[in-house]
Amino acid sequence: MPEQKNVRVRFAPSPTGGLHLGGVRTALFNYLFAKKHGGKFILRIEDTDQTRFVPGAEEYIFKTLAWCGIQPDESVQHGGDFAPYRQSERKASYAQYAEKLIAMGKAYYAFDTAEELEEKRKQIPNFQYSSATRLQLKNSLTLPADEVQKLLANGTPYVIRILLEPNEDIQFTDLIRGEVHFNTSTLDDKVLLKADGMPTYHLAVVVDDFAMQISHAFRGEEWLPSAPVHILLWKYLFGLEAMPQWAHLPLILKPDGNGKLSKRDGERLGFPVFAMDWTDPKTNETITGFKERGFLPQAFVNMLALLGWNDGTGTEIFSLPELCEKFSIERVTKSGAKFDYEKAKWFNAAYIQKTPAEILTIPIADAVAAAYPNATYSDFLKAINLVKDRCALLPEFIEQTAYLFAAPKKIEIATIQEKWTTEKNTFFEQWTDFLASTNAIDAANLETAFKTLAAENNLKIGEVMLPFRIMLVGGKFGIAVFDIASFIGVEETIARIRFTLQQLA
RNA sequence: GGAGCGUUGGUCAAGGGGUUAAGACACCUCCCUUUCACGGAGGAAUCACGGGUUCGAUUCCCGUACGCUCUACCA
């Protein structure tokens, strides 16, 4: 890619709640692109809507990104030459551009109240504030100049709207979709500056992307329809040469049916949508995140990267550094992808396999301590390695190792009882005697001894193996039986056998 | 309603004028393991539909259908 400009990209979330999959992925793609091109990744807080302020949301965004390992180069927390990075703190800078547009004849004051517009929308089927209707509305285009001045002077609330010429073709190149065309006649005169003096997104992105020298602007596909407004703004204010290159990312869809994935879908279908737990400060309701559900951040990031991007080779497991090296915006898919939680778990399982037990233990340390207060650290490490390949989610380590740290509470006695014989009873008595006398308790030795003893008693291995398993773990599940016996030790093994034997008697 | 974008197996997807149309997840069968899982071997697509262009279209063009997004003083 011949890219002369310094690469500067930005992720610009609005702090209104938890960050979901799509948001994190947008951040990730921005980050990867920046790293790939030796550029800067900027985090800008888009908090221009004061009515939607949610305490804690901004902090949550930083924590989420940190967990994912995608650190901004510039942000309200990391500083940078283009501070402030919070749009509410840049409020003063927007009005001048709106005024400039008015002076240029590209924007105008509008005094219609929200109620009046609401009424219009009710009356007229497909009402749009545009060339077709603006001459019948209350604005500086229809009102005499002196009245406009009077309204402005006495503090009448107003907004500034862009003045769209009808029937103008707007065309631009999207890095993912190629040429995209729009006609201004289908657009409306978007509000640029709100009555409270804050800019809308439309003005703010353009002004800030210019101010922060953004070279590439990536955002969700939902922004595509308003892109022409942004392009016009660039053309009027800063010139098209300075405009960043656009890329509109495909949406992440719900697994069943169609439509954008929402947090409700997660609750409905039983999987996380937010990266980390998010507690709504108003309702105090907590929505589970991938982190708390037991995902490793590397797995989460890898999974996200492959949702809408691939390197073309079929490889699916990439570390963050590898992603930074391989990522290219052109290889991002055009169409939306249904989120597949099973696949997400597969990624996590893959990462669990390759992550050392010492690391896996960190995020589950508290849960382990609560579940098995007597388990030693080294025992748990050993246990993790034993059950590793059957865990897709971190909390599964607790369940999967349960019978290694405590005798099963319930024994599926019926399964043994059906085919129980005195021969088997004899066998297990001999087996406990052997265990009591041996000190070779590694799994391989135990297995050899067990098989030899079974043969001596004219019993098929399978006839006694399953009962033995059930005695140790309570049912037909778990890791290799002799690994279990070896892990829990002779005494405990004997105790568990005797316990079941008593019940069978 | 309008505009924009999209459409390859159940899902994610590679490929992109001539291919046996990769691979992964899930599912099914088998092997391994006398549990399960892991692992291994198999199994499934007339590339939305209809027209073109072409010697030849899943690939290019045009329509249609369907889906999604937007259509707020929200982002």
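So that the names make sense, note that chain A is the first sequence line, chain B the second, and so on, each numbered from 1. Atoms considered below: every heavy atom in the structure, side chains included; atoms not considered: hydrogens, waters and symmetry mates.
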query: Under 4.0 Å between a Lys/Arg side-chain N and an Asp/Glu carboxylate O for A:E89 and A:K91?
result: no
task: Calculate the interatomic distance between A:E316 atom CD and B:A26 atom C1'; express it in whole Å.
output: 13 Å
message: Using 30° and 60° as the class boundaries, would you call the ring planes of A:F41 and A:F11 parallel, tilted or perpendicular?
response: parallel
- request: Look at all strands and tell whether A:R469 reaches a base, only sugar-phosphate, or nothing, counting heavy atoms closer than 4.0 Å.
  value: base
- prompt: Hey, can you pull the residues of residues 477-485 of chain A with a non-hydrogen atom under 4.0 angstrom from RNA chain B?
  reply: A:F477, A:G478, A:I479, A:A480
- request: Return each pair, listed once, that meets salt bridge (charged side-chain N to carboxylate O under 4.0 Å, His left out) where at least one residue sits in residues 442-453 of chain A; pairs must be two or more places apart or across chains.
  value: A:E447-A:K451
task: May I ask you to decide if the ring planes of A:F339 and A:Y341 are parallel, tilted or perpendicular, using 30° and 60° as cut-offs?
output: tilted
message: Output one letter per nucleotide in nucleotides 61-75 of chain B: B when a protein non-hydrogen atom lies under 4.0 Å from the base, S when only the sugar-phosphate is that close, - when neither is.
response: ------SSSSSSBBB
message: Taking 4.0 Å as the cut-off, does a side-chain nitrogen or oxygen of A:R390 come that near to OP1 or OP2 on B:U33?
response: no
query: Under 4.0 Å between a side-chain N/O of A:N310 and OP1 or OP2 of B:A14, yes or no?
result: yes
query: Would you call A:K120-A:E115 a salt bridge at under 4.0 Å N-O?
result: no
message: Need one value for A:H248: base, sugar-phosphate or nothing, where a base atom within 4.0 Å counts as base even if backbone is also close, heavy atoms only.
response: nothing
